[in-house]
Amino acid sequence: MPELPEVETIRRGLVKKILNKKIVHVQVYHHTSVGNVKTKFVQALTGNSIAAIERRGKLMVFQLKKGTKSVLAHLKMTGQLIYEREIKKRVELVAGGHKLSESDIENLPNKHTRVALVFSDGGQLFFNDMRIFGYMKLADAPVVAKVLQNFGPEPFSKAFTFFYFSLLFIKRSRALVKALLLNQELVAGLGNIYADEVCFCAGVRPMRRAGDVTKAEQKKLFDCIPKILKEALFHRGTTFRNFLDSSGRKGNYTDFLRVYDRDGEPCKKCGTIIKKTRVAGRGTHFCPTCQK
DNA sequence: GTGTTTGTTATCAA
DNA sequence: CTTGATAACAAACA
């Protein structure tokens, strides 16, 4: 589940790898992944290059150099954006005895590859997406602006203030804390993993009503959001199932998770067995002792 | 065959 | 119109 730390890890990797490189070939293996406009997609990208890569929440915006259009890339649940250098260099690396990850050795494209971009230096960017929820879609400036407008503040930005955050608990007093954290229009970038981790960090149960959360607890949640996300970003994200970064490497935050996917295991803080339940339609993990 | 996984959106009720 | 709850989507795996 690529959430803010995973998407940001990918974005930073891609900035180093593909920025301003000429796209010489575009292969679309699955037309719905590009919004059913395969021909337009190929035409807009071929001969063009990516001038900037921005991120808003879990959405990446690839700004094209020629023209005013951008490509909106959303990985949803199982999307990957993996860059590989030309085959020759990979063979040399293997011959040189360097350790490579599974996906470096794996042959791309594979059966889940939906789009491939080939650059003039021989590098290739593969968009893999097992479940086909994700997309790479062309969008002109007004559409991009409209889409970005629907996002709440970035947790690392100045716009994310405690004044704003605490107001949410009044305006959305009947919502569950978990639902509030997952709502991209309120706060951008949290998904199922980090919503649970933030709740543990703050000592608040995810199934509480926002209106019942005290100011002190709101403050803890507010402080925990950037804290947990920064921690995860430092470790290059969490690989629960599908996540790989732009080099095909797994995220290292998996070992640091306190509650997510740890049901039946002892709490790292108090030893109580972590429980799993369903909140806001999602699998939800919490420590019955540490979280009130 | 069944249940489960989740980001987002559609749909419905209040 | 707003808010909140829930189903649906899609593919793979235990």
Side-chain angles (χ1 to χ4, degrees), chain A residues 1-8 10-11 29-36 55-61 72-81 102 106 109-115 127-137 139 143 146-152 154-155 167-199 206-213 229 232 237-244 251 253-254 257 259-264 274-286:
Chain A
M1 284 60 69
E3 306 177 25
L4 189 152
E6 290 77 26
V7 177
E8 181 62 16
I10 291 172
R11 189 194 71 81
Y29 299 92
H30 203 274
H31 61 100
T32 59
S33 296
V34 296
N36 291 311
R55 177 192 58 74
R56 192 76 170 85
K58 305 164 192 171
L59 183 72
M60 273 177 284
V61 183
L72 300 179
H74 203 302
L75 305 175
K76 295 286 182 91
M77 286 177 66
T78 59
Q80 304 170 329
L81 279 168
E102 282 171 40
E106 176 192 16
N110 61 29
K111 67 171 176 174
H112 300 309
T113 301
R114 309 305 177 190
V115 180
F127 173 54
N128 305 324
D129 186 20
M130 184 178 78
R131 301 274 287 274
I132 323 182
F133 275 18
Y135 55 79
M136 290 182 83
K137 284 183 191 167
V143 172
K146 200 182 168 188
V147 169
L148 296 188
Q149 206 167 6
N150 291 328
F151 282 97
E154 285 291 321
L167 214 56
L168 297 178
F169 290 78
I170 298 166
K171 283 168 75 178
R172 304 280 181 140
S173 63
R174 292 169 67 183
L176 305 178
V177 170
K178 173 114 179 195
L180 196 149
L181 295 177
L182 288 175
N183 190 335
Q184 303 299 300
E185 296 181 9
L186 306 181
V187 184
L190 290 172
N192 207 35
I193 296 174
Y194 299 114
D196 281 3
E197 293 299 317
V198 164
C199 285
M207 60 290 279
R208 296 260 303 275
R209 292 271 166 202
D212 300 332
V213 176
L229 292 176
T238 302
T239 295
F240 172 56
R241 259 187 206 136
N242 286 278
F243 171 68
L244 294 176
Y253 195 63
T254 321
L257 295 173
V259 286
Y260 187 82
D261 198 33
R262 294 198 68 246
D263 47 309
I274 301 296
K275 280 221 161 76
K276 182 178 181 184
T277 179
R278 192 159 283 269
V279 178
R282 295 291 171 244
T284 299
H285 317 71
F286 68 100

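Note on naming: letters A, B, ... go to the chains in the order of the sequence lines (proteins, then strands), and numbering restarts at 1 for each one.
The separation between A:His74 atom NE2 and B:dT6 atom P is 15 Å, rounded to whole Å. A:Leu186 has its CG atom 13 Å from the P atom of B:dT8, to the nearest Å. Distance CG (A:Leu75) to P (B:dG7): 12 Å, rounded to an integer number of Å. Rounded to whole Å, the distance from CG on A:Leu182 to P on B:dT8 is 10 Å. A straight line from CZ of A:Phe240 to C1' of C:dA14 spans 12 Å, rounded to a whole angstrom. Rounded to whole Å, atom C1' of B:dG7 lies 14 Å from atom CE of A:Met130. Distance CZ (A:Arg56) to C1' (B:dG7): 17 Å, rounded to an integer number of Å. Taking atom CG of residue A:Leu4 and atom C1' of nucleotide B:dG7, one finds them 14 Å apart after rounding to whole Å.
Take A:Arg131 and apply the side chain to side chain donor-acceptor pair (under 3.5 Å) test, not counting sequence neighbours, and it matches no residue. For A:Asn128, the side chain to side chain donor-acceptor pair (under 3.5 Å) test picks out A:Gln80, A:Thr113, with sequence neighbours left out. Not a single ring pair (Phe, Tyr, Trp, His ring centres under 6.0 Å) links A:Tyr29 to another residue, sequence neighbours left out. Residues forming a ring pair (Phe, Tyr, Trp, His ring centres under 6.0 Å) with A:Phe243 (at least two apart in sequence, or on another chain): none. Residues forming a ring pair (Phe, Tyr, Trp, His ring centres under 6.0 Å) with A:Phe169 (at least two apart in sequence, or on another chain): A:Phe165. Residues passing the side chain to side chain donor-acceptor pair (under 3.5 Å) test with A:Ser173, sequence neighbours excluded: none. Shown here are the side chain to side chain donor-acceptor pair (under 3.5 Å) partners of A:Arg208, two or more places apart in sequence or in another chain: A:Glu217.
At a threshold of 4.0 Å, the pair A:Glu154-A:Arg55 counts as salt-bridged, since one of the basic side-chain nitrogens sits closer than that to a carboxylate oxygen. Between A:Asp196 and A:Arg282, none of the side-chain N atoms (NZ, or NE/NH1/NH2) sits under 4.0 Å from a carboxylate O, so this pair counts as no salt bridge.
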Nucleotide-resolved protein contact map, nucleotides 2-8 of chain C, B/S/- at heavy-atom distance under 4.0 Å: -SSS--B
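Here A:Gln184 does not reach the OP1 or OP2 of B:dG7: none of its side-chain N or O atoms lies under 4.0 Å away.
Checking B:dT4, B:dT8, C:dA11 against the side-chain heavy atoms of A:Ile132 singles out C:dA11 as nearest. Comparing C:dA12, B:dT4, B:dT6 by their nearest atom to the side chain of A:Lys111 picks out C:dA12.
Across all strands, A:Tyr260 comes closer than 4.0 Å only to sugar-phosphate atoms, never to a base (heavy-atom distances).
In this structure, A:Gly283 and A:Tyr135 both approach DNA chain B, and ranking their closest nucleotides by distance from the 5' end singles out A:Gly283.
Proximity of residues 188-199 of chain A to DNA chain B (heavy atom under 4.0 angstrom from any strand atom) is restricted to A:Gly191, A:Asn192.
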